[in-house]
Amino acid sequence: MKIDRLIGILSILLQKEKVTAPELAEKFEVSRRTIGRDLDVLSKAGIPVQTVQGAGGGIRIMEGYRMDRTLLTSKDMQMILAGLRSLDSIGGSRYYRQLMEKLKLGASDFVSGRDSILIDLSSWHKDSLAPKITLILEAIDEKRRISFSYCAPSGDTIRQIEPYYLIFKWSSWYTWGWCLERKDFRLFKLNRMDNLQKENEKFEQRAVSMPDLSNEKIFPGDIKVKALFQPQAKWRLVEEFSRDCFETMEDGRLLFCMEYANEENMIRWLLTFGECVEVLEPLSVREKFQEIVLKMEKIYGRG
């Protein structure tokens, strides 16, 4: 792609005294004519590129621009590469890895030391997620609708949307787009998508801003739960909600207070603690726990 080639060329020019067009053409596997056009683009973008003819000549950044070689520090480049590696961990292609190599071409001396930040965004579902991510990115770039079967608590539905963003949040992948059925923007979780297809029909770009994905917006805390946990459950509470979510009582039990958006999800989460939790509030949830325990006793009770 042209943009990553331009970034690679600029990186080389910022780190070397000079370089020749044949060297750049060989590194990026393009013709000298293409390199010439790329240099024109950089010049129009305000980068003072100079071409020196004759023996010992080459392409370089204008002398007065030397001070801007610190535009990207070694730490800056490490952070950029860490971000690219994280994207490479979920991609189904070698694009991000190739982009990293191009960025490193002119910065081998600039990027020193071993990697200190390793981010892996893949999951147990990597094999099924990678093709979905690739298809959605293509659809966003081509402004083409996507269709899929979506599994939700209310049942399975067939959806068609205009995709605008691919989002990684809450340890999962989502896409944000205009839903033709709901006539509004919606957030869809990739793991719940089946039979994902890219449609031939293109769409006109809508006026869309970055979605508000704050916890308060997406998961409004309408339900306040209060529960007592046994001390052995402390590590899970700290891991999932931090130490601020509970108060240690005199008997060692942990008084947990939290707001939830969905009662069913809350009950399922609490049930994973088994006998290590006692629900205090709300009363309706405590009563539902009693019903669940009675039903389980019928299934697993003796006799």
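Nothing fancy with the numbering, it's 1 onward along the sequence.
Counting only N and O atoms by type, the side chains of S31 and R33 include no donor and acceptor under 3.5 Å apart.
With values rounded to the nearest 0.5 angstrom, L254 atom CG is found 7.0 Å from K234 atom NZ. The structure places CD of Q160 at 10.0 Å from CD of Q197, a figure rounded to the nearest 0.5 Å. In this structure, CD1 in I136 is found 5.5 Å from CG in L166, a value given to the nearest 0.5 Å. Of the inter-residue distances, the one linking M258 atom CE with C245 atom SG reads 5.0 Å to the nearest 0.5 angstrom. Here E291 contributes atom CD and K295 contributes atom NZ; the two are 6.0 Å apart, rounded to the nearest 0.5 Å. The CG atom of L10 lies 11.5 Å from the CG atom of D38; values are rounded to the nearest 0.5 Å.
The side chain to side chain contact (heavy atoms under 4.5 Å, CB included) search around E26 returns none, not counting sequence neighbours. Looking at residues two or more places apart in sequence or on another chain, you find a salt bridge (charged side-chain N to carboxylate O under 4.0 Å, His left out) between R236 and E240. Taking K202 as the reference, R144 meet the side chain to side chain contact (heavy atoms under 4.5 Å, CB included) condition, with sequence neighbours excluded. In this structure F241 satisfies the ring-ring contact (aromatic ring centres under 6.0 Å, His included) test together with F256, W269, sequence neighbours excluded.
With respect to the salt-bridge test (charged N to carboxylate O, under 4.0 angstrom), the residues E263 and K288 qualify. Taking 4.0 Å as the cut-off between side-chain N and carboxylate O, E23 and K27 do not count as a salt-bridged pair. Salt bridge absent: R186 and E181 never bring a charged side-chain N and a carboxylate O closer than 4.0 Å.
The shortest distance between side-chain heavy atoms of V41 and K44 does not fall below 4.5 Å. You'll find the side chain of I9 reaches within 4.5 Å of the side chain of I35, heavy atoms only. Side-chain atoms of I59 and Q50, non-hydrogen and from C-beta on, never get closer than 4.5 Å to each other. Side-chain contact between N191 and W173 is absent, with no heavy-atom pair separated by less than 4.5 Å. Side-chain contact between R5 and V30 is present, with at least one heavy-atom pair separated by less than 4.5 Å. The shortest distance between side-chain heavy atoms of I267 and F289 falls below 4.5 Å.
The two residues A25 and R32 make their nearest non-hydrogen contact at CB-N, 4.1 Å. Among all heavy-atom pairs drawn from V49 and L13, the shortest one is CG2-CD1, 4.3 Å. Contact between Y150 and M193 at its shortest, heavy atoms only, is CD1-CG, 4.1 Å. Across all their heavy atoms, V225 and Y260 have their closest contact at CG1-CD1, 3.9 Å. Across every non-hydrogen atom of Y174 and K169, the tightest pair is CE1-O, 3.2 Å. Of all heavy-atom pairs between A227 and V279, the closest is CB-CA, 4.1 Å.
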I167/L187 under side-chain contact (heavy atoms from CB on, under 4.5 Å): CA gap, chis, key distance, verdict: CA-CA 9 Å; I167 300 166; L187 190 68; 4.1 Å; yes
Stepwise side-chain contact (heavy atoms from CB on, under 4.5 Å) check, F185 with V208: CA-CA 9 Å; F185 287 100; V208 54; 3.8 Å; yes
Worked check of side-chain contact (heavy atoms from CB on, under 4.5 Å) between Q205 and K143: CA-CA 7 Å; Q205 181 82 21; K143 292 182 173 58; 3.1 Å; yes
Chi angles and distances behind the side-chain contact (heavy atoms from CB on, under 4.5 Å) call for R159, L180: CA-CA 8 Å; R159 298 295 184 94; L180 274 68; over 6 Å; no
Candidate pair K198 and E138, rule salt bridge (charged side-chain N to carboxylate O under 4.0 Å, His left out), full reasoning: CA-CA 9 Å; K198 184 168 54 174; E138 290 176 352; 3.0 Å; yes
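Screening residues 245-258 for side chain to side chain donor-acceptor pair (under 3.5 Å) gives D251-R253 as the qualifying pairs, with residues at least two apart or on separate chains. Screening residues 275-286 for side chain to side chain donor-acceptor pair (under 3.5 Å) gives E278-R286 as the qualifying pairs, with residues at least two apart or on separate chains.
Heavy atoms from other residues, nucleotides or ligands lying under 6.0 Å from CD of E142 number more than 12.
Criterion: ILVMFWY side-chain heavy atoms under 4.5 Å apart, direct or through other members. Under it, L228 and L237 are not part of a common hydrophobic cluster. Under the 4.5 Å side-chain heavy-atom criterion for grouping Ile, Leu, Val, Met, Phe, Trp and Tyr, M266 is connected to L271 within one hydrophobic cluster. Hydrophobic clustering keeps L280 apart from V277 (ILVMFWY residues linked when any side-chain heavy atoms are closer than 4.5 Å, directly or through intermediates). Note: the hydrophobic cluster containing F203 does not contain I158 (ILVMFWY, side chain heavy atoms under 4.5 Å, direct or indirect links). A continuous path of ILVMFWY side-chain contacts below 4.5 Å connects V285 to I292, so both sit in one hydrophobic cluster.
A donor-acceptor distance shorter than 3.5 angstrom exists from the side chain of K132 to the backbone of L190, with no hydrogens or angles considered. A donor-acceptor contact shorter than 3.5 Å links the side chain of T134 to the backbone of A130. Put simply, the side chain of Y165 never gets that close to the backbone of I140: no donor and acceptor are under 3.5 Å apart. Side-chain atoms of S43 come within 3.5 Å of backbone N or O of L39 as a donor-acceptor pair.
W176 has its ring centre no less than 6.0 Å from the ring centre of Y164. Under the 6.0 Å cut-off for aromatic ring centres, F229 and F273 qualify, their centroids lying closer than that. A centroid separation of less than 6.0 Å is found between the aromatic rings of F148 and F188.
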